[in-house]
Amino acid sequence: MNFSKRTHTCGELNIKNENEEVTLNGWVSKKRDLGGLLFIDLRDRYGITQLKVIPENKDIYDTALKLGQEYVISASGKVLKRESINKNIPTGEIEIELTAIEILNESEVPPFVIEDDVKATDELRLKYRYLDLRRKSLTENFIIRNQAYQIVHKYFEKHNFIEVETPMLMKSTPEGARDYLVPSRVHNGKFYALPQSPQIYKQILMVSGFDRYVQICKCFRDEDLRADRQPEFTQIDLEMSFVGQDDVFEIVEGMFNEIWKEIKGIDLPDKFIRMSYDAAMSSYGTDKPDLRISGDMKIVNLTETVKGSEFKVFNDALESGGIVAGIKLSSKEVSRKIIDGLTDFVKKSGFGGLGYLKFNADGTVQSPVVKFLNENIIENIRKDFSAESSDTVFILSGEKMKVFQTLGQLRLKLAEDFGLTDKSKYEFVWVIDFPLFRYEADDKRFYAEHHVFTMPKDEYLEFLDSKDINEIESIRANCYDLVLNGHEVISGSIRIHKPEIQKKVFGIIGLSDEEAKMKFGFILEAFRYGAPPHGGAAVGFDRIIAILCGLNSITDTIAFPKTLKASSLMDECPSEVSKEQLDELGIEIKQKK
RNA sequence: GGAGUCGUAGUUCAGUUGGUUAGAACGCCUGACUGUCACUCAGGAGGUCGCGAGUUCGAGUCUCGUCGAUUCCGCCA
């Protein structure tokens, strides 16, 4: 098909191009028909340019009158200075007076109007994703995403990393997330798995001597979804040989510095602050603390302070080995209604109620528990929190981790309700020294907290031989997360490269030699041939982009995302397949009850 | 697997205590209009109230089930 090809995009013409003869190609975004004069806003991904048609050019005028929304056209004409300037768009000083117009394609009336502030529901937007993607605000996310790809590739190339593609069809491995399975036609009854991450391959590449590996890759996890979890997502996966934790941190910190510098024009600190897992849990009640909250609002352990009080709830908690702890809300008016709301909130986590102390301006303390606490204790609580007038301290008592976690959730809720989070900040923090194992009382067994190849810290190696649950739980690992604004954006570890340590770890999670050999035999065998000390990390790329774009969900950082039930509304997948396809695979569908 | 919210015109929503012909805005169609840029003005078309049962003389409205979207917990690095 012959048509007049564009000489410019719809975003670049300005007053400097005055009197030039140009051709634009794009979509009809808006038509304003004044009866004689006719204006058309022509859109492409670069911007919008106003076209002007006058009735004197009868053929062009008649064609232009027929244009509907989202028609694709080629428009030629002369760049003129506008009589009235539109300051809202970069091309607002000029317009094109048309000398030729071609309709390249018509469009049906779109199911929703394509404009920046979209009104359609998620469902409709996903069904017509190609239309949604025409919106500037959405297109911009992908421009940022593309910038990030380029920066990342350049950065790792500069630091001597080799980008290697690893298989998408791999062996299903136990532990961790549920695999997406792919049936094998050639091997009847056998399955491949889509990678949850290229973990094993990248470690084997270290054995191969690749030394520094990176890959921007897709990963798949068949688990229930959230706003920040899609069934398929993208990681920047990296691994390095002959390194310790600090070396990995340095590379990652450098990468974030370049991304933020180039995309946001922001200088991040050279080094990100570090916090132990234990400190994160006891101060923020979570392993992903959001450090943007004004006043920090750390959890304070009041267990010692309230010892000897008359308050049965506290004493019961302490007697059963629990704790009493609280957080402070600074200088906010806290009404009865707010307290009731917060009480309901903690009740959902299984607490009987929420204690509080309101330090009034007149020096009095308002609290339902004040009659059980003597003046000394109240004064000490005030000191523990450095509480001043019009501050409120919220207190919970019970099992230690539960108290910390619920106070952590309360902290986030208070920050949200009272607008205490500085949304303009980017607060990075390394959370380090994670536990190696997690004990599940239900199954009476240990699970690897990160993954089974994580190296214990040297000082805990002896506990690998322990039979004591507490000792084993106390083992800390060379394992780290990078948290940004309360989101986990990186997870990584230094790996086990010694077969004897690996064997002990398998032992603790209850994997026998035979099972280990069956499931991980190939990597264990590889490790017998001189595995270098190595470690790495995986960056949640979609989450980074979401944060860079100021989005709460990763959905709009992904061109064709899936819903929370893992379907794609546009192409209607997953879908049934023919009996022939199933027969070839030797698969029969059993109705799930 | 569990809890919450939502589902009414092409779209976003309103719809009183269960009661006559289910409304508005935007979009769409027709007409008028030569400096608009959310053009304006006049007129018009457009409804399986997600789907299925039930209660009732009568259901958009109440009950149960179901499907879909979404948020959170469990799950997941």
Side-chain angles (χ1 to χ4, degrees), chain A residues 29-42 48-56 61 68-70 80-89 91-93 95 97 108-128 131 175-179 196-197 199 219-231 233 235 237 287-288 344-345 348-350 405-406 409 412-413 431 434 438 440 442 447-451 454 479-483 487-493 537-540 543 552-553 555 561-567 569 572:
Chain A
S29 173
K30 207 99 195 185
K31 196 171 74 176
R32 287 178 295 279
D33 179 0
L34 273 57
L37 265 185
L38 177 59
F39 295 105
I40 297 158
D41 285 343
L42 192 67
I48 284 181
T49 300
Q50 175 167 285
L51 312 178
K52 177 177 133 184
V53 185
I54 52 174
E56 288 72 16
Y61 187 72
Q69 288 214 43
E70 301 306 314
L80 299 177
K81 187 170 192 288
R82 284 202 205 180
E83 282 186 26
S84 55
I85 288 166
N86 182 348
K87 295 196 184 79
N88 298 322
I89 53 172
T91 61
E93 275 191 85
E95 64 196 358
E97 187 176 314
E108 288 187 19
V109 176
F112 53 90
V113 183
I114 293 159
E115 55 195 350
D116 279 353
D117 104 66
V118 75
K119 293 189 189 85
T121 55
D122 294 337
E123 206 172 339
L124 201 71
R125 290 176 52 208
L126 287 174
K127 183 168 179 199
Y128 298 96
L131 297 181
E175 309 294 325
R178 191 179 294 118
D179 284 324
Q196 297 172 26
S197 84
Q199 185 63 35
C219 302
F220 306 82
R221 289 178 191 156
D222 187 3
E223 294 291 346
D224 288 340
L225 306 172
R226 291 284 189 285
D228 62 352
R229 291 198 325 231
Q230 282 273 319
F233 59 99
Q235 285 189 343
D237 193 46
D287 59 3
K288 39 183 181 181
D344 286 346
F345 181 75
K348 280 184 202 149
S349 303
Q405 280 168 10
T406 307
Q409 287 160 10
L412 294 178
K413 181 169 169 56
V431 177
F434 273 77
R438 165 173 45 89
E440 289 284 336
D442 293 350
Y447 287 87
E449 178 72 30
H450 180 63
H451 58 59
T454 306
C479 179
Y480 35 83
D481 281 357
L482 183 65
V483 175
H487 300 276
E488 177 203 314
V489 293
I490 284 197
S491 190
S493 62
V539 183
R543 287 184 190 175
N552 292 322
S553 163
T555 310
K562 304 220 173 2
T563 71
L564 285 188
K565 288 218 172 100
S567 4
L569 300 180
E572 293 178 322

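Note that the coordinates shown come from a computational prediction; the quantities given were computed from them, not determined experimentally. Labels below follow one simple rule: chain letters A, B, ... track the order of the sequence lines, proteins then strands, and each chain is numbered from 1.
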Partner set under side chain to side chain contact (heavy atoms under 4.5 Å, CB included) for A:F345, not counting sequence neighbours: A:Q409, A:L410, A:K413
Integer-rounded Å distance: B:rC37 C1' and A:I48 CD1: 10 Å
Interatomic distance, A:R32 CZ vs B:rU36 C1' [rounded to whole Å]: 6 Å
A:R438: salt bridge (charged side-chain N to carboxylate O under 4.0 Å, His left out) partners, not counting sequence neighbours: A:E440, A:E449
Non-neighbouring partners of A:D287 that pass salt bridge (charged side-chain N to carboxylate O under 4.0 Å, His left out), sequence neighbours left out: none
Counter-base of B:rC28, judged by Watson-Crick or G-U geometry with both distances under 3.5 Å: B:rG44
Per A:D33 side chain, nearest of listed nucleotides B:rG35, B:rC33, B:rC37: B:rC33
Whole-Å distance separating the CG atom of A:L126 from the P atom of B:rA69: 9 Å
Length of the CD-C1' vector between A:E95 and B:rC37, whole Å: 10 Å
Between P of B:rG35 and CG of A:L38, the distance in whole Å: 13 Å
Salt bridge (charged side-chain N to carboxylate O under 4.0 Å, His left out) partners of A:E70, counting only residues at least two apart: A:R43, A:R134
A:K565 (side chain) and B:rG68 (base): donor-acceptor pair under 3.5 Å: no
Nucleic acid footprint by protein, nucleotides 71-77 of chain B - heavy-atom cut-off 4.0 Å, B for base, S for sugar-phosphate alone: BSBBBBB
Per-nucleotide protein contact string for nucleotides 2-14 of chain B (B base, S sugar-phosphate only, - none; heavy atom under 4.0 Å): --------SSS--
Pairing residues for A:S197 by the side chain to side chain contact (heavy atoms under 4.5 Å, CB included) criterion, not counting sequence neighbours: A:Q199, A:C219, A:R221, A:Q235
Rounded interatomic separation in angstrom, taking CG from A:N86 and P from B:rC37: 9 Å
Distance-only donor-acceptor test, A:E123 side-chain atoms vs B:rU70 base atoms, 3.5 Å: no
Interatomic distance, A:F39 CZ vs B:rC39 C1' [rounded to whole Å]: 10 Å
A:R226: salt bridge (charged side-chain N to carboxylate O under 4.0 Å, His left out) partners, not counting sequence neighbours: none
Whole-Å gap separating C1' (B:rU70) and NZ (A:K562): 18 Å
Partners passing side chain to side chain contact (heavy atoms under 4.5 Å, CB included) against A:Q230 (at least two apart in sequence or in another chain): A:I554, A:T555, A:I558, A:P561, A:K562
Touch class at under 4.0 angstrom, heavy-atom based, for A:S197 against every strand present: nothing
